Amino acid sequence: KRAEFEVGVEDIQYLNGKTVTVTLSANGGAFCLYAGAEELPFQVYLGDADDQIADTPKNSGDVFAAFTQDGTVVGYVEVDQQNIRADGSYSGSFVFTVTSN
C-alpha cells in the first residue's frame, strides 16, 4: 500500500548561492509504524507512487530534496501489507529537517 506526499518550498529569496536542503529522519533510525507492541516497517521513496519509473528509496539521515529555487518534489511511503501481523491502529512518523547551506 502506498501513500503519496509532496515536499516543497516557495517564496525563496536571497539565497546568495546557498541551497535549501530537506533531510529525512526516523526515530531510532528505522521507519516503523506501531500498534502497541507490534511493529510494521515502511519504506520512504522519492518519486511518483503511480508511475513505472524506478523510484529512489530513502533512509533515515538521507537528503530527500535540495532546492535552489521554488519547487516541489513528490515522494511516498510504502507498507508491505504482508508484514501486518496483528489487527490494530498503527501510527508512526518521520521528520523532515530544513536547512540552508
Side-chain angles (χ1 to χ4, degrees):
K1 184 76 178 169
R2 295 176 175 180
E4 197 170 89
F5 61 87
E6 291 183 351
V7 173
V9 295
E10 58 184 47
D11 297 328
I12 292 180
Q13 298 177 19
Y14 311 113
L15 279 179
N16 296 326
K18 294 182 179 180
T19 301
V20 175
T21 304
V22 180
T23 306
L24 178 65
S25 63
N27 189 18
F31 299 122
C32 284
L33 301 173
Y34 301 93
E38 297 294 324
E39 286 187 9
L40 177 60
F42 66 92
Q43 182 64 51
V44 179
Y45 290 90
L46 175 63
D48 185 341
D50 297 326
D51 67 19
Q52 298 301 313
I53 299 171
D55 298 317
T56 306
K58 294 295 184 176
N59 296 307
S60 183
D62 286 353
V63 170
F64 189 79
F67 300 93
T68 56
Q69 61 187 11
D70 292 1
T72 302
V73 296
V74 178
Y76 62 93
V77 296
E78 181 176 66
V79 174
D80 184 344
Q81 293 175 325
Q82 293 180 3
N83 290 330
I84 299 173
R85 305 283 181 235
D87 292 341
S89 178
Y90 289 81
S91 63
S93 63
F94 54 93
V95 176
F96 290 108
T97 303
V98 180
T99 58
S100 65
N101 47 22

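What you see is a predicted model, and the numbers here were worked out from it, not measured in a lab.
- Closest approach of Ala65 and Val73 over heavy atoms only: CB-CG2, 3.7 Å.
- Here the straight-line distance linking atom CZ of Phe94 with atom SG of Cys32 works out to 13.0 Å at 0.5 Å rounding.
- Between Gly92 and Leu33, the shortest heavy-atom contact is N-CD2, 3.6 Å.
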Exercise. I would like to know whether Thr21 and Asn101 meet side chain to side chain contact (heavy atoms under 4.5 Å, CB included); could you show each step before the answer?
Key: CA-CA 8 Å; Thr21 304; Asn101 47 22; 3.5 Å; yes
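- The nearest pair of heavy atoms linking Glu4 to Asp48 is OE2-OD1, 2.8 Å.
- Side-chain contact check for Lys1 versus Glu78: every heavy-atom pair is 4.5 Å or farther apart.
- Aromatic pair Phe42/Tyr76: centroids not less than 6.0 angstrom apart.
- A 6.0 Å sphere centred on CG of Asp70 holds more than 12 heavy atoms belonging to other residues, nucleotides or ligands.
- Panel note: side chain Asn83, backbone Leu40; no donor-acceptor pair is recorded below 3.5 Å.
- Between the CD1 atom in Ile12 and the NZ atom in Lys18 there is a gap of 13.0 Å [rounded to 0.5 Å].
- In this structure, the separation between CG on Asn59 and CD on Gln43 is 6.0 Å, given to the nearest 0.5 Å.
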Practice problem: Run the numbers on Leu24 and Val44 for side chain to side chain contact (heavy atoms under 4.5 Å, CB included), then give the verdict. | Solution: CA-CA 9 Å; Leu24 178 65; Val44 179; 3.7 Å; yes
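- Of all heavy-atom pairs spanning Ala35 and Ser89, the tightest one is CB-O, 3.6 Å.
- The two residues Leu46 and Val74 make their nearest non-hydrogen contact at CD1-O, 3.5 Å.
- At a threshold of 4.5 Å between non-hydrogen side-chain atoms, the residues Tyr45 and Lys58 do not count as touching.
- When all heavy atoms are compared, the tightest approach of Thr72 to Phe67 is N-CE2, 3.8 Å.
- Residue Tyr90 is grouped with residue Phe5 when hydrophobic side chains (ILVMFWY) are merged at heavy-atom distances under 4.5 angstrom, including chains of intermediate members.
- Inter-residue side-chain proximity for Asp62 and Thr23 is flagged as unmet; no heavy-atom pair is nearer than 4.5 Å.
- The closest donor-acceptor contact from the side chain of Ser60 to the backbone of Ala26 lies under 3.5 Å.
- For an aromatic pair to be called close, the ring centres must be under 6.0 Å apart, and Phe64 with Phe96 satisfies this.
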